[in-house]
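Structure incoming, see below.
From a predicted model like this one, the values you see are computed outputs, not experimental measurements.
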Protein chains: 2
Amino acid sequence: MATKQRVTVLDVARLAGVSQGSVSRVITGKNWVSDRLRARVEAAVKQLEYKPNPHAQGLKSLKSRAVAALVSDISNPLHGTFLASAEEVLSAAGYLLFVSSTNNDRDRELELINAYGSGRVDGMIVAHSDENNRRVIKALQETGLPILFHDREPRRFGDAVIVDHAHGAYVATNYLLSLGHQCIALLSPSKAIRPGRERFSGYKRALEEANLVVQDDLVSMLGASDARAYDVTRNLLKRSRSRPTAIICLGTQMLAGVLAAINESGLSIPDDISIIGIGETDLVRLYKPSITAVKWDIAACGRHAAQILLQRFSESNAEKPSAGSVVRSPVELVLRDSCAAPRKQ
Amino acid sequence: MATKQRVTVLDVARLAGVSQGSVSRVITGKNWVSDRLRARVEAAVKQLEYKPNPHAQGLKSLKSRAVAALVSDISNPLHGTFLASAEEVLSAAGYLLFVSSTNNDRDRELELINAYGSGRVDGMIVAHSDENNRRVIKALQETGLPILFHDREPRRFGDAVIVDHAHGAYVATNYLLSLGHQCIALLSPSKAIRPGRERFSGYKRALEEANLVVQDDLVSMLGASDARAYDVTRNLLKRSRSRPTAIICLGTQMLAGVLAAINESGLSIPDDISIIGIGETDLVRLYKPSITAVKWDIAACGRHAAQILLQRFSESNAEKPSAGSVVRSPVELVLRDSCAAPRKQ
DNA sequence: CTGTTAGCGCATTCAA
DNA sequence: TTGAATGCGCTAACAG
């Protein structure tokens, strides 16, 4: 039942009438080879349908021409966009991208880092679920591999592609303030990761510049789930007084929950309540009314991430590792129809 | 700048005062080893933080303890659920799952199959984008690896986990017929893949059993995008006569487009038009009105897929490959608030 | 420019 | 049960 015998460099060399080393040279493409030799080898490769054994290659070269991406939740469409564009760049350079979902499980993160770190990949793109977890940081550093942090705090090691969430939240809050809102709720995923902290700080700065103070009960940073956001929103809307006149919801899934809760309450957007969402998702664009939202160029982030890693791979041949680079993606507010001045009380 | 020198079996053997072979034996766990020896080796492993080199392991053993999953679109939440549960089972068995997105690009599919097929993984989970593409089928078969088709037609080789989409569409259509609808539109992704074909056949069967005939202009199977679905729906709703009184939309992203178009038209659900959607997404559950939808146990599908592959891995030690297995997942209709009898004309 | 050769780290024979 | 010895398929260093 063996489908095919493995064909090796030796078979190719024999058929092409050259040495094994020469075959390797044309495969790797790193050395000069005469056109004639190359042609013969390539013909033999094609005829035999030779495919190099990645394990043997990796064993000798200590490289695997692969990158791992660790994401918390593989089904988040924002991650999907990022990964797809990163993969495009990597695959154009001959690298594979292995995507693994950690499902926000700390142990799983460690396992994956160790599994990938022991030679399976040449570098990693990481968006870990808790930046306070020292063990994850340590494990990453100990791989000795180029690490690219995606939307996580830059470290003393590794590079980072980060998003200016603080600015996004600042602009969003300012916009609502300029419309006359004073009671603005903020929903966003956890403060254990950079996006959460940054958003909160941008929100806070905008309020303070307007001589307002953050009301803790208007801020919820308890996880990314739509169900949680639904509950939070219901509670916010139930209040008789100090009901928020605007909600900034900076989570893709969460937004669905917020909208559902508002729908159910019978309040109308934007007359009764203003909404600012996140991303360029179907929901945001097509909802009625369409949702004003902060956005950034996620595909560009993915491309940058890939390019930085590729750069690292090429320079590790040289002796001097340059300093960690940080690419910061700007965030803008896309105005749509979900915001208006609050009702006169 | 080298972070750590690689520690090898030899280092462990030296520290434990045993032979290299013995270390290997305790690592693989396949041979009997005295407790004393095992203890010494394990201590040394821990002390040195030894991690086996997967390339060296793979080179000798011809196994990689990894599985690749090829999906068309990594950001589809239905895929995410499937992959997360498959990964859970695989990782419990010590296998890694590499997820790669083909973005519905045929060439990319072939590249990935070849890249993974040449030793990087022990098996693959595949949902290819066009079942008519013989080259993809051929490439899969030629890997000689256990292949698991996900929601694709079972082949002469490989196993399959499929969903009874025909039944789902049949039940959905019947339900609408029973409410009195006669003019029912069907939107679903491509007929180039099994789900599309099956859904169409279920829809058709239900209509025919009611002595109705499929009207081609009520059926659209042109791709999964929400934008396309939006356009299609707008056109459907624009018709003065023979405007459908119900729409069955069997695509996750598409549903967003359909709902947006309906919103825009000013029609109300379910009074003016009934809707049947798909999946257990936020949108379906939380939309107002909530959307009646077909669903199946996606997580179970993922688990089955993983289990079947694991089974294959263990039996390949034996000589007789058993026949391809096919797991068929039932589909049910979850009744919510988006369907009602059509208005009397 | 090309052939020859020596391992990469490990699993697995063969002896003992 | 354990140690010694042999490649797995390939890359790279060294000659020529």
Side-chain angles (χ1 to χ4, degrees), chain A residues 2 4-42 44-45 48-66 94 115 117-120 122 313 316-317, chain B residues 2 4-42 44-45 48-66 94 115 117-120 122 317:
Chain A
K4 327 177 45 165
Q5 339 232 34
R6 287 204 103 29
V7 14
T8 76
V9 263
L10 249 158
D11 301 312
V12 176
R14 224 138 35 200
L15 179 60
V18 300
S19 78
Q20 194 202 89
S22 295
V23 175
S24 177
R25 273 185 279 263
V26 349
I27 301 291
T28 57
K30 279 176 192 162
N31 300 273
W32 270 146
V33 168
S34 71
D35 289 346
R36 212 175 71 84
L37 192 149
R38 152 165 291 114
R40 298 173 57 125
V41 170
E42 284 175 346
V45 164
L48 267 47
E49 293 190 347
Y50 167 74
K51 310 212 178 58
N53 179 323
H55 288 134
Q57 288 184 143
L59 187 55
K60 264 317 271 190
S61 64
L62 303 179
K63 311 227 156 306
S64 55
R65 297 195 76 77
S118 48
R120 275 199 173 81
D122 299 338
F313 299 156
S316 69
N317 296 345
Chain B
K4 327 177 43 165
Q5 339 233 32
R6 290 203 97 35
V7 14
T8 76
V9 262
L10 250 158
D11 301 312
V12 176
R14 225 138 34 201
L15 178 61
V18 301
S19 78
Q20 190 210 86
S22 296
V23 175
S24 177
R25 271 172 210 118
V26 349
I27 300 292
T28 57
K30 281 177 192 163
N31 300 275
W32 270 146
V33 168
S34 69
D35 289 346
R36 212 175 68 84
L37 192 149
R38 151 165 290 114
R40 298 172 58 127
V41 170
E42 283 175 347
V45 163
L48 268 48
E49 294 190 348
Y50 166 73
K51 308 209 178 62
N53 178 323
H55 288 135
Q57 287 184 144
L59 188 54
K60 274 309 280 189
S61 65
L62 303 179
K63 310 229 155 306
S64 55
R65 296 194 79 75
S118 48
R120 274 194 174 84
D122 299 339
N317 296 345

Self-check item: Euclidean distance, atom CZ of residue A/R36 to atom P of C/dC1 [Å, nearest integer]
Solution: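 Atom CZ in A/R36 sits about 14 Å away from atom P in C/dC1.
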Exercise. Pick base, sugar-phosphate or nothing for B/V18, based on heavy-atom distances below 4.0 Å to the nucleic acid.
Key: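 The residue B/V18 makes sugar-phosphate contact but no base contact.
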Exercise. Starting from P on C/dC10, measure out to NZ on B/K63 and report it in whole angstrom.
Key: 19 Å
Quiz item: How would you give the extent of chain B contacts on DNA chain D, as first and last nucleotide 5' to 3' within a 4.0 Å heavy-atom cut-off?
Solution: D/dT1 to D/dG9
Quiz prompt | 5' priority, DNA chain D, between B/W32 and B/L62 [closest heavy atom] | solution =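 Result: B/W32.
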Exercise. Describe the nucleic acid contact of B/V33 in one word from base, sugar-phosphate, nothing, applying a heavy-atom distance below 4.0 Å.
Key: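 Answer is sugar-phosphate: B/V33 comes under 4.0 Å of backbone atoms only.
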Quiz item: Do the side chain of A/S64 and the main chain of A/R120 share a donor and acceptor less than 3.5 angstrom apart?
Solution: yes
Self-check item: Non-hydrogen side-chain atoms of B/E49 and B/V7 separated by less than 4.5 Å
Solution: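 No, their side chains stay 4.5 Å or more apart.
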Donor-acceptor pairs under 3.5 Å, side chain of residues 12-33 of chain A to any protein atom, not counting sequence neighbours: which ones?
unit_1, atom_1, unit_2, atom_2, d
A/R14, NH2, A/D11, OD1, 3.0
A/S19, OG, A/G21, N, 3.4
A/S19, OG, A/S22, N, 3.3
A/S19, OG, A/S22, OG, 3.3
A/T28, OG1, A/S24, O, 3.0
A/T28, OG1, A/R25, O, 3.4

Practice problem: Taking the side chain as every heavy atom from C-beta outward, state whether A/S118 and B/P54 have any atom pair closer than 4.5 Å. | Solution: yes
Exercise. Indicate, with a heavy-atom threshold strictly under 4.0 Å, whether A/L37 touches base, sugar-phosphate, or nothing.
Key: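 Sugar-phosphate, backbone atoms only, no base.
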Quiz item: Which comes earlier along DNA chain D counting from the 5' end, the contact point of B/D35 or that of A/V23, where each point is its nearest nucleotide?
Solution: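 Nearer the 5' end of the strand: B/D35.
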Quiz prompt | CD on A/E42 to OH on A/Y50, rounded to 0.5 Å | solution =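 With rounding to 0.5 Å, OH (A/Y50) is 13.5 Å from CD (A/E42).
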Quiz item: If you round to the nearest 0.5 Å, how far is CZ of B/R65 from CD of B/Q57?
Solution: 9.0 Å
Quiz prompt | Shortest non-hydrogen contact from B/R6 toward B/N53 | solution =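 Shortest heavy-atom contact: NE-ND2, 4.1 Å.
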Tabulate protein N/O versus nucleotide N/O from nucleotides 12-16 of chain C, keeping only pairs under 3.5 Å, one per line.
unit_1, atom_1, unit_2, atom_2, d
C/dT13, O4, B/R25, NH2, 2.9

Quiz prompt | A/K60 side, atom NZ; B/H55 side, atom NE2 - distance, nearest 0.5 Å | solution =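 The distance works out to 14.5 Å.
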